Each structure stands twice: as C-alpha cells, then as structure tokens.
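Read the structure below first, then the notes.
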Amino acid sequence: MKCLIATLLLLGPLAASASETVWLDTLDLAHIRQGYGTPQIDRSIRETPLSIGGVRFRRGVGTHAKSTLWLDLAGGAKRFEAMVGLDDAANGPGSIEFKVLGDGRSLFHSGVMRPGNAPKHVDVSLAGIKTLLLEVTDAGDGIGYDHADWAQARFIVNGRSPRTIDAPGEERVILTPKPRPAPRLNGPTIYGCRPGHPFIYRIPAQGQRPMVFSADGLPDGLSLDSASGIITGNAPPRGKYRVTLHAANQFGQSSRLFRIVSSDTLALTPPMGWNHWYAFYDRVTDEIVRQAADVMVSSGMADVGYQYVNIDDCWMNSPHNSDPLRVGPLRDANGTLIPNHYFPDMKALTDYIHAKGLKAGIYISPGPLTCGGFAGSFGHEAHDARTFADWGFDFLKYDWCSYGRIADGQDPAPPNYPTWGKGPPTLAGYMYPYQLMGNLLKEQDRDIVFNLCQYGMGNVWEWGAKVGGNCWRTAGDLGFELNRFFEVALKNAEHRAWSRPGGWNDPDYLQIGWIGGGHAGGAKPCPLEPTEQYAYMSLWALMAAPLVYSGDMSKLDDFTLNILCNPEVIDVDQDALGQSAAVARLNDSTFLMVKDLEDGSKAVGLFNQGEFAARVTVPWSVIGVSGKQEVRDLWREKDLGFFEGAFTAEVPRRGVVLARMTPRP
Ligand code: GLA
C-alpha cells in the first residue's frame, strides 16, 4: 500500500505533462482522400480485419491508394508510430508506397510494398512539425488492388491532440487576364458539315459588343449576320472552303481562318458545350436547358467556342419514377417518343437554342430503357432518329444502359434482329446498336454529331469511328470521385492513337463550379483544389477531349469561367491537327504531356501529381525538339522568353504549367 501511494505521489505532478496515445482511427477520417472506396476504421478497405504479411492488427485505418490525409499537429504530437503494408485481403497484384511528410520534408518512406510483404514499422519524431501528411501512392503503376493499411497508427501526444484537416487551402487565383475590349476571334479553324444540310455556326468572338462581323470566301448558300456573327444557311457542295472571318469594333479588329469542309465527317475538332447530367440528373427541365443556352452566351462561354446545349437522360417518360410528372406512356400511337411533362415542346426548345446560334443535343439508350429507367430506342431506332432530326437536334448521346440485357442474351430480341446468344457480349454485339444508329443518323437531313457512351467496352476507341461515332467515352462515369481525374486522364491518353478529327476519346465531362448533389438536388462547389482544376482542364485540352461542361450554369463564378474559357488553352484542344498528347513520365509524381499543333509548335503540359510544389524540367530530347524555343505560358497568356536545351518551371502541388513552345531560328 505504501508503495502504491508513493508511486501515485510520484506520478501526480507528472500527470499534467504525461504523454498520451491518440489513435489515428479515433480522428475524423472524413478528410482522407483516396482513389477508391471510403476510409475504414479497424478494418481493411474490403471490410476485413487488418492483416499485413500474415500479421493481424486489432486497430488502425484501412484505405486505398492514392490516399492522402493531412493533419494539423497543433503543437502537441511528439511521435507517430504505425505498422504499414498492403492488406492481405487485396488478393491481387497491388503495389504501394507509404510516405510520411512533415512540413513537406520526408520523415518516412516505405519503398514499394507488395502483397505478402511483412509490415514495416514507422516510428518518427514530430518535434517542431506543424503539418503532417500521411500518403499512400500507387507506386506508379495504377491503383488496382492497392489496399493500404495504417495499422496500430498512433500519435504520442503531450498537450493538444492532432486534428485531421483538408489539404492546406489554396487561393482561387485567376491566372488568365480578362478579355480586352478589342475583338478577338476564337474557335476552331476547321469545321465539318454535310452537303446541303442546315448550317448554323455562331462565330466565337471576345471583346466589347457591338461588333461588326464579316467573312471572306464564305461559300454560296451561307450568310452571315453582321451584328450577331451567326452564320446560317445550307452547307455547300462537297469540298474545302477557305474562309477568313473578321470582327471589328471601336477598339480594333481581328481576323481568323475558318476552313469549312463539306464532306461526310462532322466534329473535325472536339465538340464543346454543356450537358445537364452532373448538376441536374433527373430534375432536368426545358427551363434549365433554356437557361443554359442563355448563360452560354451571356457568360462568354460561346465567345470561346462552347456551342452544344445538351440534354442528358430523364427528358422522356418512365414507367416508374418518384416524380409522377415524369411517368406516362413512352410513345404515342404512331410510335413517337413522348417527352415528359417538363419538356412541353422539343421543337420550340431547339428553335430557342438555334436562335442564339447554338446547337442542341439529346440523349437516349439503344436498350429498352435508359440508365435512369426512361424510354429507350430499342426496336424504334429508325423512328427515333427521324424524330430527333425533326425536333431539330444536332447531337445524340447514345448510352448503352439496358442494352446489356439484349447483348448478353438475357432479354429476347424482336424478329429480324440479330441474336447474340447467351453470355458476355461479343465484339459484334457491342458494335451492332451503334452501327445501326450511326447509319440512321447519316440518313437524316441534319448534321447530328454521334456520341457513343458505353464506357469503353470492346475497346470502343478501335471501332467508334467506323460505326459513325464522333466521340466515345473510354471509361465508366467519372462521377464524384473527382480526385481520380489524373488517373482517368492517363488511362484515356493510352488510347491516343485512335483519336483524330471526326472521332475523339472522351474521358467524361468537365465538372467544376457547382456540381453534384445527386437525384435529390443540392449541387455543391467542386471539391477539387484550384490548382487541380487548372490541371483537369489542361489534361482535357491536351488530349483533344470533348470540352463539355456539366455544372450549374446559373452559378458560374469568375474562377470557374477562367478555367473554362481561356482561349489559348481551348486552341490546344481545338487544334486542327487533332492530335491527342503523348505522355512522358518523369518520376512518381511528375509527367509531361506533349501535343503537336498544326502550326509546328507544341503544347506541353508539365504536371505534378504530388502533394508539394515541384520543379519540373522539359528536356528538348524528351519532347523531340531542338534549337531555340519560344515558350509561352498559356494560362497566364504570357511569353516566358527563349530557351535552349530545356525549360524548367515550378509546378504547384497537384497542378500544371501549360506551355506552348514554338521553334525560333
Ligand atoms: C450513364 C452515363 C452518364 C449519364 C447517365 C444517365 O451513367 O454514363 O453520362 O448519361 O447514364 O442516366
């Protein structure tokens, strides 16, 4: 007893400053960003007990590469300890690296860890450190099976406990100078149309209105409204027409090449526009679509080349829906699709969009129902293609959805329809519905850009153009795991050889500004950091991806417009050569994307996927140039000077420097 009292007395004065253990799994893990799934407490991402190299752990955090967790140490944390490794339940060829960084300095680096590797012990001092980063990388080979465990992870704390935080905030810096009052003509320098079809094109031009537009070499059959800059009429006979556009106002004038190619191929540059999906889901209405058209013009988006106003799913009737006003007969007695209550008059809607010089897009599935459970085209393809043309649509997104049940033989096909047998679809099964609709669209007396949406199945990039497609999604929905955008882009870039004028790889929409909120509504600001948003847009432009904004047009702010509307960045996307950039990996976290442009210059993206700013060098040997290059920073619209041998820039964390390099004698 005496002894115990003595011990308590001894501990008494010390207790105030005694160290305590704060387990990582007790902190708020909502701040973890990870490449797949959600953070797990005391279990792996597969929701199994934590286990590394056959060793079980009672507690810890299960996550998935690429994963980051930032902590404010609040002055109290003295040490960090953990056992780390790839979880045994991953059951596949994963490979990951664990990194612990204190105020940007490496404190621990596991090296590459693979399945079955014994857990590694982390034991680092946090003395003097303010901000800690716990990171799991994919070891540079993609995130498949990268199930990562921070087992027994704990802080030894003396004083205030650490707190998980979002990545250190960045300011939403607007890099692009505001458009000047003098005219600046933008948009593609080459444009495809089909002979004799209705032609509509609003010349993209920044600068103060009123402006007077004119054109040299405009083919017969087309006329230009000099005040609005809208060209209308009927597409000229087959051939190439070299037109020069002009715009003038009291501050100056601007001219730009505009080659019209009248042939079979549309979308000679990647389509640009807006799509309702990621902001409005099944709440879309005629009013929302009209508003998008209004804002496309009033915000200046149309002045840099955005032109398609596209309706996605849920404009039709559905057999069952929580909103009774979207339920009703799918077709009338003639077999014509019946739009739901929210779309009272499709022709009036496209007229409204066309009156602004813009184009209208619509959506349906080759299956009996769309992904959202609304009317599909199955068995009515010819009728629907004609209906879309009659209604005045210029773009069709054709989304696989319930066609899967036909293609794998689960649902019966009507007579005269090829049957594919039971089992996974064959290549012919993948291609058939798209070939069918592709042919039908070509028969219409309108130019209808054909957008294949089937998530990359059957290597669609290899045959998308053959079936009449002008762009094709190369993967599933980007959805709201937006921090995957680097990975999604790099995957899409693997198919660069198939991307060319008239047929583009599509990594899904631009989701910045106000997006998401699901079917119930309540869009939120894009969760990506400002530097990430610059990187996102730059990747899409370098890959010659369709630039389709899918956010709430009524909530566009200056920062979002600055990302969407830099005309020099858009020129990279819309370049007439139509090349999709090649990727050159420099190290774990940095890579270059290099795209040849028609004028002999190159667009080069210096990307940094890492969590801290990095100096990135572009050696001439890597991008295939020599001699003197003039380098221009496209986001800042600023010449950086002449360089020989290499160009180096400081690239922000998870960001980009986008440059154009022009050879100079
Ligand atoms: C699929 C597509 C999306 C969207 C929805 C609509 O998920 O990939 O882009 O069109 O269907 O239901």
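One-based numbering, in listed order, for ligands and for the atoms of each. Please read all numbers here as calculations on a predicted model, not as lab measurements.
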Checklist line | Salt bridge flag under 4.0 Å for residues Glu494 and Lys491 | finding: yes
Checklist line | Set of disulfide (SG to SG under 2.5 Å) partners for Cys401, sequence neighbours left out | finding: Cys371
Notebook entry, point to check: Would you call Lys66 and Asp146 a salt bridge, using N to O less than 4.0 angstrom?
Noted result: no
Notebook entry, point to check: Are Lys442 and Asp264 within salt-bridge range, i.e. N to O under 4.0 Å?
Noted result: no
Check: At a 4.0 angstrom heavy-atom cut-off, what protein residues surround ligand 1?
Finding: Trp277, Asp312, Asp313, Tyr363, Cys371, Gly372, Lys397, Asp399, Cys453, Tyr455, Arg473, Asp477
Check: Is it the case that more than 12 heavy atoms not belonging to Tyr342 sit under 6.0 Å from its OH atom?
Finding: yes
Margin query: Salt bridge or not between Asp557 and Arg172? Use side-chain N to carboxylate O under 4.0 Å.
Written below: yes
